[in-house]
S.K.: 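One structure, as structure tokens, below. Some questions next.
Every heavy atom of this structure was used, including side-chain atoms; hydrogens, water molecules and symmetry mates were not.
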Amino acid sequence: MICKNCNSEVPEGETFCPVCGQKVEAEMSGVPEEKGADGAQNKAYLEFEDAGQKADVEKPEKSKRRKTAGIVAAAVLVLLIGIGVTAHAQIANFIKKNFGSTAEYYRYVETKNRDAGAEVFSNRYKAYYDSLCGAAWKRNVSYKLELGQTLKTMLSLTGMDFSALNDAGLVVSRKKSGDVSESQIRGCINGQDVITMNMYVDMANSEGYMQIPEISSKYVDFSKSLKSLQNSNLGGGNVFLNGGLSYLPEPENMRNLMITYSDIAIHKMASVEKSSGELEAGEVKGNYTRFTVTCKGKELFAMLKDMMNHMKDDQNMKAMADKFGEGAYDSFSKNLQEEIDHLKSQEGEVTDEDLQMVMDVYVDGDGKIAGRVTELKSKDGETFKMTFIQPENGSEIGTELSFALNGVTYISLEGKGICKDGKISGEYKVSLDESINPSEKNIVSTKDLVTIKVTDLDEDKLAEGYMNGSITLSSSGTTFSSCSLQFDVKGDKENKNCSVSVLCGGDKLVTLTALSDQKDIPEIKKPGEGDELCDALDNDAMEAYTKEADPEKILADIKEKCGVDLSAYITLFESFMEQNTFDPYAEREYYLEENDLEDYDQLSPL
């Protein structure tokens with residue numbers, strides 16, 4: 001070959017010119033035969049490309065068909081991959097159902113449903129935990145009690161004028177950053193702030209201050225008390241700061257515990273039989289695969305022993321115990337070992353007849369559990385039965401939840417709902433057995449004692465852990481049959497709004513509204529130079545502080561700001577309390593005076 005750049009001769013097999021270094025391109029008409037595998041591949045490629053060019057010239061329609069077929073094949077491949085990904089659960093369920101043993105498929109179903117439930121629970125719990133126990137968080141929660149016109153008219157029969165009192169409430173604002181917590185509680189009447197309490201807590205430096213500006217400009221210093229709480233064995237300082245929330249388990253610990261111990265239980269279920277079964281609840285019927293699981297005394301005993309032995313080295317249990325302070329886990333471990341030793345001492349005495357569990361689990365075609373009926377029977381014939389079933393038929397969903405002891409159903413809930421456009425609506429009845437009637441005087445019948453009406457409950461929000469919809473509770477079997485409770489709930493991750501109304505004849509007597517959001521959190525600062533402090537442990541100082549509070553001035557300020565005279569209401573309340581004071585000792589003394597004390601031992605207890 002000749003280099004086109006410098007006209008020098010290039011030896012066969014060379015790709016670059018030895019004189020100028022220019023890359024040499026072989027012409028189609030004069031391609032030299034190359035030796036070896038690489039040469040054969042190059043030659044084959046050039047021949048294929050040449051044939052392709054000729055084919056494009058000679059048969060353009062055939063080429064187009066070939067390209068179209070390639071595109072279709074690629075599209076089909078993508079579609080199949082997509083179906084495989086989205087239908088993975090269904091495919092896995094099909095394989096397990098048709099090619100595995102009955103026990104294996106049952107354990108697969110239980111594990112699959114457990115995982116789905118654990119995921120939902122973990123997400124909800126984590127959102128709750130982070131909002132309350134995170135390193136940094138903020139939240140306003142306001143509570144407002146509104147009086148309806150009907151209730152005001154009823155209250156006016158006492159001789160008091162309640163027309164000026166429209167609502168009263170509290171607004172609790174808190175934010176936390178690291179070890180510093182700032183809180184404010186405001187009391188409100190008719191939408192106006194009437195009294196305020198500010199609190200600043202720094203756990204790292206054991207500082208705590210409280211101020212009520214309407215009473216005094218002084219700060220109550222409870223730092224010494226806080227330090228004492230922090231030094232207590234149970235970590236009382238954290239309880240004071242978080243209201244006990246510091247004891248809540250970490251989300252990951254909670255999820256691991258659920259998975260670990262349910263796995264032990266699931267894999268202990270060896271005796272499983274499969275059949276077909278029908279479920280019916282709330283007039284909704286459905287056909288399902290039924291697994292009947294039997295677990296007898298020795299198996300239940302072994303399951304309990306395995307769980308307790310696993311707890312000994314469970315780091316999730318240790319993490320939970322450590323939240324209760326130093327020594328808590330050692331105490332837990334000691335008590336656990338005592339229980340394990342006690343179980344070992346009874347191992348040879350346990351028989352299958354001591355306790356038996358029979359559980360029917362109903363599963364649909366996709367491996368979703370639609371119902372579970374569990375019955376426990378002891379050696380002496382005592383039985384306990386719990387039923388929770390939800391058959392589906394199209395958009396209809398039936399529900400039954402009941403608890404029975406020795407054949408007597410003491411409490412049950414049953415009804416039907418319809419899911420349409422992502423909203424659930426339905427009606428459910430709660431019944432009690434007559435033997436547990438809490439008040440025969442006020443409850444005429446315990447059958448269908450409470451009616452629960454659900455309206456437009458958002459299914460998607462419910463899966464996320466938030467309720468959006470309306471729930472009404474009413475009762476036709478009591479002396480309060482004309483009254484009902486209505487819950488209106490709306491919420492998401494940022495904001496939650498729930499109101500509870502007492503209705504009578506369709507009128508709202510009173511409504512309590514709770515609103516939670518993360519807006520406009522006030523900033524609370526600790527006392528600065530020049531601010532006067534009052535030691536909470538100094539009795540003389542606290543007595544002087546309380547004397548600064550002038551109730552008459554506070555009531556006068558409320559009347560001026562809100563147009564409400566609270567002094568009249570306070571007088572009415574005090575009068576009511578005096579008239580309804582019961583002295584049990586006075587009654588006992590009178591009773592004894594009417595009898596011979598020599599016969600005291602024969603008197604019936606008062």
S.K.: Distance from Asn495 atom CG to Leu515 atom CG, nearest 0.5 Å?
M.R.: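 Rounded to the nearest 0.5 Å, the CG-CG separation comes to 7.0 Å.
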S.K.: Is Asp352 close to Asp354 at the side-chain level, that is, under 4.5 Å between some pair of heavy atoms?
M.R.: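 Contact flag for Asp354/Asp352 side chains = no.
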S.K.: Under 4.0 Å between a side-chain nitrogen and a carboxylate oxygen: does that hold for Lys305 and Glu347?
M.R.: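 Counted as a salt bridge, because a side-chain N and a carboxylate O are separated by less than 4.0 Å.
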S.K.: Kindly check if the number of other-residue, nucleotide or ligand heavy atoms within 6.0 Å of CG (Asn335) is above 12?
M.R.: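 Check passes, neighbour count above 12.
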S.K.: How close do Tyr129 and Leu248 get, heavy atom to heavy atom, and via which atoms?
M.R.: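 Heavy-atom minimum between the residues: CE1-O, 3.6 Å.
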S.K.: Parallel under 30°, tilted from 30 to 60°, perpendicular over 60°: which one fits the rings of Tyr106 and Phe291?
M.R.: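 Aromatic pair Tyr106/Phe291 classed tilted.
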S.K.: Between Thr511, Thr513, Asp488, which is the residue that forms a side-chain hydrogen bond (donor to acceptor under 3.5 Å, both in side chains) with Ser501?
M.R.: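 Only one option passes, and that is Thr511.
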S.K.: Please say whether more than 12 non-hydrogen atoms of neighbouring residues, nucleotides or ligands are located less than 6.0 Å from CD in Gln337.
M.R.: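 It does: Gln337 CD has more than 12 such atoms within range.
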S.K.: Taking OH in Tyr143 as the centre, count heavy atoms belonging to other residues, nucleotides or ligands within less than 6.0 Å. Is the count above 12?
M.R.: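 Result for OH/Tyr143: open.
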S.K.: Check the angle between the aromatic planes of Tyr105 and Tyr108 and answer parallel, tilted or perpendicular using the 30° and 60° thresholds.
M.R.: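 It falls in the parallel class, under 30°.
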S.K.: What verdict does the side chain to side chain contact (heavy atoms under 4.5 Å, CB included) test give for Val454 and Leu457, after you've listed the backbone C-alpha separation in whole Å, the side-chain angles of each residue and the deciding distance to 0.1 Å?
M.R.: CA-CA 7 Å; Val454 177; Leu457 198 62; 3.8 Å; yes
S.K.: Could you tell me which non-hydrogen atom of Gly282 sits nearest to which non-hydrogen atom of Glu414, and how far apart they are?
M.R.: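 Minimum heavy-atom contact is N-OE2, 3.3 Å.
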S.K.: Quick one: CG on Leu257 to CG on Asn316, what's the gap to the nearest 0.5 Å?
M.R.: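 Those atoms lie 5.0 Å apart.
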S.K.: How long is the straight-line distance from CG of Asn140 back to CZ of Arg174, given to the nearest 0.5 Å?
M.R.: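 So the CZ of Arg174 and the CG of Asn140 are separated by 12.0 Å.
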S.K.: Compare every heavy atom of Tyr410 with every heavy atom of Ser435, then report the nearest pair and how far apart it is.
M.R.: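 Heavy atoms only, the tightest pair is OG-CE2, 3.4 Å.
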S.K.: Quick one: does Ser425's side chain have a donor or acceptor within less than 3.5 Å of a partner on Asp456's backbone?
M.R.: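 Answer holds: yes.
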S.K.: Within the supplied structure, the quantity of interest is the number of heavy atoms (other residues, nucleotides, ligands) at a distance under 6.0 Å from Lys416 NZ; does it exceed 12?
M.R.: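 Yes, because the 6.0 Å sphere around NZ of Lys416 holds more than 12 heavy atoms from other groups.
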S.K.: Flag the pair Ile452 / Val430 as yes when at least one side-chain heavy-atom distance between them is below 4.5 Å, and no otherwise.
M.R.: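 A side-chain contact exists here, since the closest heavy-atom pair is under 4.5 Å.
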S.K.: Could you go through the side chain to side chain contact (heavy atoms under 4.5 Å, CB included) check for Asp433 and Thr446 one step at a time?
M.R.: CA-CA 6 Å; Asp433 185 75; Thr446 56; 5.9 Å; no
S.K.: State whether the side chain of Asn393 and the backbone N or O of Glu396 hold a donor-acceptor pair below 3.5 Å, judged by distance alone.
M.R.: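 No, Asn393 side chain to Glu396 backbone: no donor-acceptor pair under 3.5 Å.
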S.K.: Do Tyr428 and Val450 come close enough that some side-chain heavy atom pair is under 4.5 Å?
M.R.: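 With C-beta onward as the side chain, the pair stays apart.
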S.K.: Which is it for Val358 and Val293 under the side chain to side chain contact (heavy atoms under 4.5 Å, CB included) test, yes or no, and what are the steps along the way?
M.R.: CA-CA 6 Å; Val358 177; Val293 184; over 6 Å; no
S.K.: Would you check, one step at a time, whether the test side chain to side chain contact (heavy atoms under 4.5 Å, CB included) holds for Val500 with Gln486?
M.R.: CA-CA 6 Å; Val500 183; Gln486 179 176 310; over 6 Å; no
S.K.: Measuring from Asn253:CG to Met320:CE, what's the distance to the nearest 0.5 Å?
M.R.: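 The distance works out to 7.5 Å.
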S.K.: Test salt bridge (Lys or Arg N to Asp or Glu O under 4.0 Å) on Lys268 and Glu299 and set out the steps.
M.R.: CA-CA 7 Å; Lys268 282 291 181 182; Glu299 294 170 313; over 6 Å; no
S.K.: The test is salt bridge (Lys or Arg N to Asp or Glu O under 4.0 Å); show your working for Glu119 and Arg124 and say whether it passes.
M.R.: CA-CA 9 Å; Glu119 186 70 19; Arg124 295 180 184 178; over 6 Å; no
S.K.: Salt-bridge test for Lys298 and Glu353: reply yes if a basic N is under 4.0 Å from a carboxylate O, no otherwise.
M.R.: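 A salt bridge is absent here (no side-chain N lies under 4.0 Å from a carboxylate O).
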S.K.: Shortest non-hydrogen contact from Asp448 to Ser431?
M.R.: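 Smallest interatomic distance, heavy atoms only, reads N-OG, 2.8 Å.
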S.K.: For the atom pair CG (Leu355) and SG (Cys295), what is the distance rounded to the nearest 0.5 Å?
M.R.: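 These two atoms lie 9.0 Å from each other.
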S.K.: Between Arg372 (side chain) and Asp360 (backbone), is there a donor-acceptor pair under 3.5 Å?
M.R.: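 No.
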S.K.: Please tell me if the side chains of Asp314 and Lys318 come closer than 4.5 Å, counting only heavy atoms from C-beta onward.
M.R.: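 No, every pair of side-chain atoms sits at 4.5 Å or beyond.
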S.K.: Does Ser333 use its side chain to pair, donor to acceptor, with the backbone of Tyr329 at less than 3.5 Å?
M.R.: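 Looks like yes, one N/O pair under 3.5 Å.
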S.K.: Charged N to carboxylate O under 4.0 angstrom, Arg114 versus Asp263?
M.R.: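 Salt bridge flag = yes for Asp263 with Arg114.
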S.K.: Is there a side-chain contact between Thr294 and Met357 (heavy atoms, below 4.5 Å)?
M.R.: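 Side chain of Thr294 against side chain of Met357, heavy atoms only: no contact under 4.5 Å found.
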S.K.: Salt bridge check, Glu434 against Lys447: does any charged N sit closer than 4.0 Å to a carboxylate O?
M.R.: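 Salt bridge absent between Lys447 and Glu434.
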S.K.: Find the distance between CD (Glu375) and OG1 (Thr383) and round it off to the nearest 0.5 Å.
M.R.: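 Taking CD in Glu375 and OG1 in Thr383, the distance rounds to 5.5 Å.
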S.K.: Test salt bridge (Lys or Arg N to Asp or Glu O under 4.0 Å) on Arg290 and Glu278; report intermediate values, then the result.
M.R.: CA-CA 8 Å; Arg290 177 174 59 199; Glu278 183 182 69; over 6 Å; no
S.K.: What is the minimum heavy-atom distance between Gln390 and Tyr288, and which atoms define it?
M.R.: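 Shortest heavy-atom separation between Gln390 and Tyr288 comes out as O-OH, 4.3 Å.
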S.K.: To check you understand the geometry: which heavy-atom pair defines the closest contact between Lys323 and Pro249, and what is its length?
M.R.: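 Heavy atoms of Lys323 and Pro249 come nearest at CE-CA, 4.1 Å.
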S.K.: Do Asn406 and Glu382 have a side chain donor and acceptor closer than 3.5 Å?
M.R.: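 There is such a pair (donor and acceptor under 3.5 Å, judged by atom type) between the side chains of Asn406 and Glu382.
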S.K.: How about Lys368 and Glu392: do any of their side-chain heavy atoms sit closer than 4.5 Å?
M.R.: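 They are in side-chain contact.
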S.K.: Assess whether a salt bridge exists between Glu459 and Lys423, defined as any Lys/Arg side-chain N lying under 4.0 Å from an Asp/Glu carboxylate O.
M.R.: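 Salt bridge absent between Glu459 and Lys423.
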S.K.: Do Leu449 and Lys429 come within less than 4.5 Å of each other through their side chains, counting heavy atoms only?
M.R.: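 Result no, sub-4.5 Å side-chain heavy-atom pair not found.
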S.K.: Answer whether the closest heavy-atom distance between the side chains of Met303 and Asp306 falls below 4.5 Å.
M.R.: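 The answer is no; the side chains never approach within 4.5 Å.
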